[in-house]
K.L.:
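I'd like to ask you about the structure that follows.
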Amino acid sequence: MNTSSTKPSIRKAKPEDGPAIHQAHMKSIREICLKDHGEEEIKGWGFREYDEKHRLETIHRDPMWVVELNGTVEGYGHLRLYEKDGERKAEIWGLYFTPNVAGQGLGLQLSEIMLNEARKFGAKKITLQSSLTAHQFYKKLGFEDTGPVQQEIINGHPVRNYPMKMIL
């Protein structure tokens, strides 16, 4: 089989994808986000240990998709849908790709899938915390900043992000 012509595919995440999702997430942070965030931010953010209990809970609870290339998970999208105070809410909790599939339009495809799921759920808006790397991507999709750059402490290291939202 000629793997050079194989295209990545998107499918729903399964519980057994947990470790591979984590690996793709950390690889994306260490190899793609590094250029915008720098080594100090990546130290805590991009080297987290796999938390099987947390990952399995999110796969069972939330809509989650993986990007697969030649049988390997190379990215994922994680959407959180919930009700609070009688309002249906949607948050993008993750949209990460390894260098093996980045830049192939998968971010747009997965974003459209997540936005459609949020609409079907009945959410009026969708929010997220954007990395510096993804900020312009989300702006092109129609997300707006909801405040200035924030810092979140991850494993003792500050990591900058932009709070954003889109009215659905």
K.L.:
What verdict does the salt bridge (Lys or Arg N to Asp or Glu O under 4.0 Å) test give for Glu117 and Lys120, after you've listed the backbone C-alpha separation in whole Å, the side-chain angles of each residue and the deciding distance to 0.1 Å?
P.N.:
CA-CA 5 Å; Glu117 285 290 318; Lys120 282 196 293 192; 3.2 Å; yes
K.L.:
Decide if the gap between the ring center of His37 and the ring center of Trp45 is smaller than 6.0 angstrom.
P.N.:
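Centroid distance His37-Trp45: below 6.0 Å, so yes.
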K.L.:
State, yes or no, whether a side-chain contact exists between Pro99 and Ile32 at a heavy-atom distance under 4.5 Å.
P.N.:
yes
K.L.:
Tell me whether Leu106 is reachable from Leu141 by hopping between hydrophobic residues (I, L, V, M, F, W, Y) whose side-chain heavy atoms are closer than 4.5 Å.
P.N.:
yes
K.L.:
Output, in order, the C-alpha distance, side-chain angles, deciding distance and verdict of side chain to side chain donor-acceptor pair (under 3.5 Å) for His135 and Asp145.
P.N.:
CA-CA 9 Å; His135 188 235; Asp145 293 333; 2.6 Å; yes
K.L.:
Tell me whether Gln104 contacts the main-chain N or O of Asn100 through its side chain, where contact means a donor paired with an acceptor under 3.5 Å.
P.N.:
yes
K.L.:
Of the non-hydrogen atoms in Ala123 and Ala90, which two are nearest, and what is the gap between them?
P.N.:
CB-CB, 3.8 Å
K.L.:
What is the distance from atom SG of Cys33 to atom CD1 of Ile42, rounded to the nearest 0.5 Å?
P.N.:
6.0 Å
K.L.:
So, taking the atom named CG in Leu115 and the one named CG in Leu79, what distance separates them when rounded to the nearest 0.5 Å?
P.N.:
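Output value for this atom pair is 8.5 Å.
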K.L.:
In Å and rounded to the nearest 0.5 Å, what is the CD to CD distance from Glu52 to Glu49?
P.N.:
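Separation between the atoms: 13.0 Å.
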K.L.:
State plainly whether one hydrophobic cluster holds both Val101 and Tyr96, where clusters connect Ile, Leu, Val, Met, Phe, Trp and Tyr through side-chain heavy atoms under 4.5 angstrom apart.
P.N.:
no
K.L.:
Take Gln150 and Gln129, measure what side chain to side chain donor-acceptor pair (under 3.5 Å) needs, and give me the verdict at the end.
P.N.:
CA-CA 9 Å; Gln150 304 179 120; Gln129 302 292 321; 2.8 Å; yes
K.L.:
Determine whether Tyr162 and Thr146 make a side-chain contact, defined as any pair of heavy atoms from C-beta on separated by less than 4.5 Å.
P.N.:
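No, their side chains stay 4.5 Å or more apart.
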K.L.:
For Tyr82 and Glu91, what are the C-alpha separation, side-chain angles and deciding distance, and is it a side chain to side chain donor-acceptor pair (under 3.5 Å)?
P.N.:
CA-CA 9 Å; Tyr82 61 98; Glu91 296 177 22; 2.5 Å; yes
K.L.:
Do Met164 and Leu108 belong to the same hydrophobic cluster, where Ile, Leu, Val, Met, Phe, Trp and Tyr are linked whenever their side-chain heavy atoms lie under 4.5 Å apart, directly or via other members?
P.N.:
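Met164 and Leu108: one cluster.
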K.L.:
Side-chain contact, heavy-atom cut-off 4.5 Å: Ser131 with Asp36?
P.N.:
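The answer is no, as the side chains (C-beta and beyond) never meet within the 4.5 Å cut-off.
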K.L.:
Walk me through whether Phe97 and Glu74 qualify under side chain to side chain contact (heavy atoms under 4.5 Å, CB included).
P.N.:
CA-CA 6 Å; Phe97 305 98; Glu74 298 286 353; over 6 Å; no
K.L.:
Do other residues, nucleotides or ligands put more than 12 heavy atoms under 6.0 Å from the NZ atom of Lys84?
P.N.:
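No.
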K.L.:
How long is the straight-line distance from CG of Leu56 back to CZ of Arg61, given to the nearest 0.5 Å?
P.N.:
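Arg61 atom CZ to Leu56 atom CG measures 12.0 Å (nearest 0.5 Å).
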K.L.:
Is the NZ atom of Lys124 crowded by more than 12 outside heavy atoms at less than 6.0 Å?
P.N.:
no
K.L.:
Examine distances only and state if a side-chain atom of Glu41 and a backbone atom of Arg160 form a donor-acceptor pair shorter than 3.5 Å.
P.N.:
yes
K.L.:
Calculate, to the nearest 0.5 Å, the distance between atoms CD and OG1 belonging to Glu31 and Thr98 respectively.
P.N.:
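Reported to 0.5 Å precision, the distance equals 7.5 Å.
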K.L.:
Would you call Met166 and Lys125 a side-chain contact if the rule is heavy atoms closer than 4.5 Å?
P.N.:
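No, every pair of side-chain atoms sits at 4.5 Å or beyond.
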K.L.:
Would you kindly confirm whether Val73 and Trp65 end up in one hydrophobic cluster when ILVMFWY residues are joined by side chain heavy atoms under 4.5 Å apart?
P.N.:
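Per the 4.5 Å side-chain linkage, Val73 and Trp65 are not co-clustered.
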K.L.:
How close do Ile126 and Ala118 get, counting heavy atoms only, and between which atoms?
P.N.:
CD1-CB, 4.2 Å
K.L.:
Using the side chain to side chain contact (heavy atoms under 4.5 Å, CB included) rule, take Ile10 and Ile113 through it: C-alpha gap first, then chi angles, then the decisive distance, then the call.
P.N.:
CA-CA 10 Å; Ile10 297 171; Ile113 290 169; 4.1 Å; yes
K.L.:
Using the side chain to side chain contact (heavy atoms under 4.5 Å, CB included) rule, take Asp62 and Leu81 through it: C-alpha gap first, then chi angles, then the decisive distance, then the call.
P.N.:
CA-CA 7 Å; Asp62 300 333; Leu81 301 172; over 6 Å; no
K.L.:
Please walk me through it: do Lys43 and Glu39 pass salt bridge (Lys or Arg N to Asp or Glu O under 4.0 Å)?
P.N.:
CA-CA 6 Å; Lys43 281 181 188 175; Glu39 287 186 26; over 6 Å; no
K.L.:
Taking side chain as C-beta onward, heavy atoms only, is Leu110 less than 4.5 Å from Val67?
P.N.:
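Yes; the side chains approach each other to less than 4.5 Å.
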K.L.:
Could you tell me whether the side chain of Arg88 and the main chain of Phe121 form a donor-acceptor pair under 3.5 Å?
P.N.:
yes
K.L.:
Side chain of Thr58, backbone of Arg55: donor and acceptor closer than 3.5 Å?
P.N.:
yes
K.L.:
Work out which heavy atom in Ser111 is nearest to a heavy atom in Leu95; give both atom names and the distance.
P.N.:
OG-CD2, 3.5 Å
K.L.:
Are Trp93 and Met64 grouped together when hydrophobic residues (ILVMFWY) are joined by side-chain heavy atoms under 4.5 angstrom apart?
P.N.:
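Shared cluster, no.
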K.L.:
Any idea how Tyr76 and His78 line up, ring-wise: parallel (<30°), tilted (30 to 60°), or perpendicular (>60°)?
P.N.:
tilted
K.L.:
Drop me the distance from Arg48's CZ to Asn155's CG, to the nearest 0.5 angstrom.
P.N.:
7.0 Å
K.L.:
Any ion pair linking Arg11 and Asp17 (charged N to carboxylate O, less than 4.0 Å)?
P.N.:
yes
K.L.:
Checking side chain to side chain contact (heavy atoms under 4.5 Å, CB included) for the pair Val159/Gln151: CA distance, chi angles, key distance, verdict?
P.N.:
CA-CA 5 Å; Val159 178; Gln151 281 195 347; over 6 Å; no
K.L.:
Just wondering, do Ile92 and Tyr138 contact through their side chains at under 4.5 Å, heavy atoms?
P.N.:
yes
K.L.:
So do Asn116 and Met114 actually touch side chain to side chain, heavy atoms under 4.5 Å?
P.N.:
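Contact flag for Met114/Asn116 side chains = no.
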K.L.:
Is any side-chain heavy atom of Leu34 less than 4.5 Å from a side-chain heavy atom of Ile29?
P.N.:
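Contact flag for Leu34/Ile29 side chains = no.
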K.L.:
For atom CD of Glu16, decide whether the heavy atoms of other residues, nucleotides or ligands shown that lie under 6.0 angstrom number more than 12.
P.N.:
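Result for CD/Glu16: enclosed.
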